[in-house]
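The structure follows.
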Amino acid sequence: MTAVCALFISDLHLQPAHPATSAAFFDFLERHARHAQQLYLLGDLFEYWAGDDDIAEPFHAQVVAALRAVSDAGVVVYWIAGNRDFLVGARFAEAANVILLPETWVAEIGGQKVVVLHGDAQCTQDSKYMAFRAMVRQPAWQAQFTAMPLAQRKAIIAGLRADSRKEQSGKSYDIMDVTPQAIADVFAETGTNVMIHGHTHRPALHQVDGKRRYVLPDWEPDATPPRGGWIAIDDHGVITRHDLSGAVIAS
């Protein structure tokens with residue numbers, strides 16, 4: 001009988017305004033994640049994260065408690081920052097008992113050597129976003145930003161999100177997608193043949209030159225048709241993609 005070595009999710013964009021997504025996430029944790037050996041959260045679990053001093057906010061506390069319960073059940077939970085929640089830090093990690101990983105990570109899972117990442121760093125055609133990303137990922141910028149009052153930070157984030165929505169409406173999908181060269185560079189640098197990432201909200205399995213790139217879906221159970229799901233790797237190294245019901249949609 002096969003066992004689930006690892007599960008991978010990203011781009012849930014959890015927020016109180018989307019209760020169906022939160023319910024689907026909590027159901028996933030209880031029915032599926034608790035029975036895996038490892039859980040990888042590959043970015044944008046939250047719609048935004050203003051800083052670890054917001055951890056006591058009731059909704060955030062509920063998510064932290066749910067992750068902690070999975071960890072307490074014996075699952076090793078890993079976190080890679082997304083473009084919405086890169087300010088998650090040590091306080092969150094300790095409370096949820098998750099392991100913070102660098103933005104690119106290579107893991108041996110079920111005999112497969114897999115590179116995992118969020119995916120935004122590979123959208124290199126979007127020069128404006130890449131410049132913004134480079135700025136906000138600097139420790140000095142983050143220290144200055146998190147020193148501001150929490151309410152001020154949230155107001156700034158709300159403004160940035162509004163600006164981002166306007167920017168995206170004028171950009172092509174190709175510009176906001178990963179570039180082939182950036183993906184090829186990651187494969188070359190890591191010596192892997194399997195990649196799992198999120199960010200683009202364009203779930204698929206891409207196979208090029210013997211390499212497989214799995215793109216995770218975003219989660220929106222209320223959409224028509226519903227969106228969401230995860231990727232699993234079992235102890236034989238078999239990789240499967242699942243929809244929100246848990247059904248296998250592709251291998």
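These numbers were taken from a predicted model, which means no experiment stands behind them.
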task: Output all residues satisfying side-chain hydrogen bond (donor to acceptor under 3.5 Å, both in side chains) with Lys211, sequence neighbours left out; order by chain, then residue number.
output: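 Result, side-chain hydrogen bond (donor to acceptor under 3.5 Å, both in side chains) vs Lys211: none returned.
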- request: For the pair Lys154 and Asp54, evaluate salt bridge (charged side-chain N to carboxylate O under 4.0 Å, His left out) and give the outcome as yes or no after the intermediate values.
  value: CA-CA 10 Å; Lys154 289 186 174 183; Asp54 200 23; 3.2 Å; yes
message: Do Val215 and Tyr40 sit in one hydrophobic cluster, given that two such residues count as connected whenever their side-chain heavy atoms are within less than 4.5 Å of each other, even indirectly?
response: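 No: no chain of side-chain contacts under 4.5 Å links Val215 to Tyr40.
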- prompt: Is the closest side-chain heavy-atom distance between Arg241 and Leu205 below 4.5 Å?
  reply: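 Yes, side chains in contact.
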query: In terms of ring plane angle, is the pair His118 and His199 parallel, tilted or perpendicular, where the classes change at 30° and 60°?
result: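 Perpendicular, since the angle between the ring planes exceeds 60°.
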Between CG on residue Leu67 and CD on residue Gln62, distance to nearest 0.5 Å: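 Leu67 atom CG to Gln62 atom CD measures 11.0 Å (nearest 0.5 Å).
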field: Option from Asp120, Ile183, Leu117, Thr124 for which side-chain contact (heavy atoms from CB on, under 4.5 Å) with Val178 holds
entry: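 With Val178 as partner, Asp120, Ile183, Leu117, Thr124 yield a single side-chain contact (heavy atoms from CB on, under 4.5 Å), made by Ile183.
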- prompt: Should Phe25 and Val63 count as side-chain neighbours, where that means a heavy-atom distance under 4.5 Å?
  reply: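 Counting from C-beta outward, Phe25 and Val63 do come under 4.5 Å.
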- prompt: Any idea which heavy atoms bring Ala6 and Ile109 closest together, and the distance?
  reply: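 Answer, listing the atom of Ala6 first, then Ile109: CB-CG2, 3.8 Å.
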task: Please list, chain by chain and in numerical order, all residues satisfying side-chain contact (heavy atoms from CB on, under 4.5 Å) with His18, sequence neighbours excluded.
output: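 In terms of side-chain contact (heavy atoms from CB on, under 4.5 Å), with neighbours along the sequence ignored, His18 is linked to Gln15, Thr21, Glu220.
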query: Between Gly198 and Ser10, what is the shortest heavy-atom contact and its length?
result: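 Looking at all heavy atoms of both residues, the closest pair is CA-OG, 3.4 Å.
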message: For Pro16 versus Pro19, what's the shortest heavy-atom pair and its separation?
response: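 Minimum heavy-atom contact is O-CD, 3.7 Å.
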- prompt: Mind checking whether Ile239 and Arg212 have side chains closer than 4.5 Å, heavy atoms only?
  reply: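 With C-beta onward as the side chain, the pair touches.
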- prompt: Where do His60 and Phe46 land on the ring pair (Phe, Tyr, Trp, His ring centres under 6.0 Å) test, with the steps shown first?
  reply: CA-CA 9 Å; His60 293 161; Phe46 293 103; 5.3 Å; yes
Donor-acceptor contacts, no H, no angles, side chain residues 188-196, under 3.5 Å, sequence neighbours left out:
{"unit_1": "Thr190", "atom_1": "OG1", "unit_2": "Val186", "atom_2": "O", "d": "2.7"}
{"unit_1": "Thr190", "atom_1": "OG1", "unit_2": "Thr192", "atom_2": "OG1", "d": "2.8"}

Just list the side-chain donor-acceptor pairs under 3.5 Å for residues 140-151, sequence neighbours left out, or say none.
{"unit_1": "Gln142", "atom_1": "NE2", "unit_2": "Val136", "atom_2": "O", "d": "2.9"}
{"unit_1": "Thr146", "atom_1": "OG1", "unit_2": "Gln142", "atom_2": "O", "d": "2.8"}
{"unit_1": "Thr146", "atom_1": "OG1", "unit_2": "Ala143", "atom_2": "O", "d": "3.4"}

message: Could you measure the distance from the CD atom of Gln37 to the CG atom of Leu7? Nearest 0.5 Å is fine.
response: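 It comes to 10.0 Å.
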message: Could you measure the distance from the CD1 atom of Ile99 to the CD atom of Gln38? Nearest 0.5 Å is fine.
response: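 Output value for this atom pair is 8.5 Å.
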- prompt: With sequence neighbours left out, what residues match Trp219 under ring pair (Phe, Tyr, Trp, His ring centres under 6.0 Å)?
  reply: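 Partners of Trp219 under the ring pair (Phe, Tyr, Trp, His ring centres under 6.0 Å) test: Phe28.
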Heavy-atom closest pair, residues Leu100 and Ala93: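 That would be CG-CB, 3.8 Å.
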- request: With sequence neighbours excluded, tell me which residues meet side-chain hydrogen bond (donor to acceptor under 3.5 Å, both in side chains) with Ser22.
  value: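 Result, side-chain hydrogen bond (donor to acceptor under 3.5 Å, both in side chains) vs Ser22: none returned.
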query: According to a 4.5 Å side-chain heavy-atom criterion applied to Ile, Leu, Val, Met, Phe, Trp and Tyr, with indirect links allowed, do Val208 and Tyr214 form part of one hydrophobic cluster?
result: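 Looking at the clustering, Tyr214 is in a separate group from Val208.
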- prompt: Does any non-hydrogen side-chain atom of Asp85 lie less than 4.5 Å from one of Tyr48?
  reply: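 They are not in contact (no side-chain heavy atoms under 4.5 Å apart), so the answer is no.
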message: To the nearest 0.5 Å, what is the distance between CH2 on Trp105 and CG on Leu42?
response: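 That separation rounds to 13.0 Å.
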query: Mind checking whether Tyr129 and Asn83 have side chains closer than 4.5 Å, heavy atoms only?
result: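 With C-beta onward as the side chain, the pair touches.
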message: Between Asp52 (side chain only) and Gly89 (backbone N and O only), is there a donor and an acceptor less than 3.5 Å apart?
response: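 Yes, because the side chain of Asp52 sits within donor-acceptor range (under 3.5 Å) of the backbone of Gly89.
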task: Decide yes or no on side chain to side chain contact (heavy atoms under 4.5 Å, CB included) for Ile249 and Thr240, but give the supporting numbers first.
output: CA-CA 8 Å; Ile249 58 175; Thr240 49; over 6 Å; no
task: For Asp27, enumerate each residue passing the salt bridge (Lys or Arg N to Asp or Glu O under 4.0 Å) test, keeping only those at least two apart in sequence or located in another chain.
output: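 Here the qualifying residues are Arg31.
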message: Does Tyr78 form a side chain to side chain contact (heavy atoms under 4.5 Å, CB included) with Leu41? I'd like the steps, not just the answer.
response: CA-CA 6 Å; Tyr78 297 101; Leu41 310 172; over 6 Å; no
field: Residues in side-chain contact (heavy atoms from CB on, under 4.5 Å) contact with Arg68, at least two apart in sequence or another chain
entry: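 side-chain contact (heavy atoms from CB on, under 4.5 Å) list for Arg68, sorted by chain: Asp72, Asn97.
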Please tabulate, for side-chain N and O atoms in residues 221-234, each donor-acceptor pair with protein atoms closer than 3.5 Å (sequence neighbours left out).
{"unit_1": "Arg227", "atom_1": "NE", "unit_2": "Asp218", "atom_2": "OD1", "d": "3.2"}
{"unit_1": "Arg227", "atom_1": "NE", "unit_2": "Asp218", "atom_2": "OD2", "d": "3.0"}
{"unit_1": "Arg227", "atom_1": "NH2", "unit_2": "Asp218", "atom_2": "OD2", "d": "2.9"}
{"unit_1": "Asp234", "atom_1": "OD1", "unit_2": "His236", "atom_2": "N", "d": "2.8"}
{"unit_1": "Asp234", "atom_1": "OD1", "unit_2": "Gly237", "atom_2": "N", "d": "3.1"}
{"unit_1": "Asp234", "atom_1": "OD1", "unit_2": "Val238", "atom_2": "N", "d": "3.0"}

- request: Would you give the length of the straight line joining atom CG of Asp185 to atom CD of Gln181, rounded to the nearest 0.5 angstrom?
  value: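 It is 4.5 Å, given to the nearest 0.5 Å.
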- prompt: Under 3.5 Å, is there a donor-acceptor pair between the side chain of Glu57 and the main chain of Phe59?
  reply: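 Side chain of Glu57 to backbone of Phe59: a pair is present.
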field: Shortest non-hydrogen contact from Ala121 toward Glu103
entry: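 Taking every non-hydrogen atom into account, CB-OE2, 4.0 Å.
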- prompt: Is there side-chain contact between Trp79 and Val77, with at least one heavy-atom pair below 4.5 Å?
  reply: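 No; the side chains remain at least 4.5 Å from each other.
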query: Are any of the side-chain heavy atoms of Leu29 and Arg34 separated by less than 4.5 Å?
result: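 Counting from C-beta outward, Leu29 and Arg34 never come under 4.5 Å.
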task: Mind running ring pair (Phe, Tyr, Trp, His ring centres under 6.0 Å) on Phe92 and Trp49 for me, showing each step along the way?
output: CA-CA 11 Å; Phe92 176 95; Trp49 190 259; 5.3 Å; yes
task: Can you sort out the partners of His13 under side-chain contact (heavy atoms from CB on, under 4.5 Å), two or more places apart, ordered by chain and number?
output: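 Once residues adjacent in sequence are excluded, the partners of His13 under the side-chain contact (heavy atoms from CB on, under 4.5 Å) criterion are Asp11, Asp44, Glu47, Arg84, His201.
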- request: State which residues pass side-chain contact (heavy atoms from CB on, under 4.5 Å) with Ala158; sequence neighbours excluded, sorted by chain then number.
  value: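 Scan of Ala158 (side-chain contact (heavy atoms from CB on, under 4.5 Å), adjacent residues dropped) gives none.
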- prompt: Atom CG of Leu87 and atom CZ of Arg137: how far apart are they, to the nearest 0.5 Å?
  reply: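 Rounded to the nearest 0.5 Å, the CG-CZ separation comes out at 9.0 Å.
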For Ala61 against Ala56, the heavy-atom pair lying closest together: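 What the structure gives for the nearest pair is CB-O, 4.2 Å.
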field: Counterpart residues, side-chain hydrogen bond (donor to acceptor under 3.5 Å, both in side chains), relative to His197 (two or more places apart)
entry: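 Expected list: Arg213.
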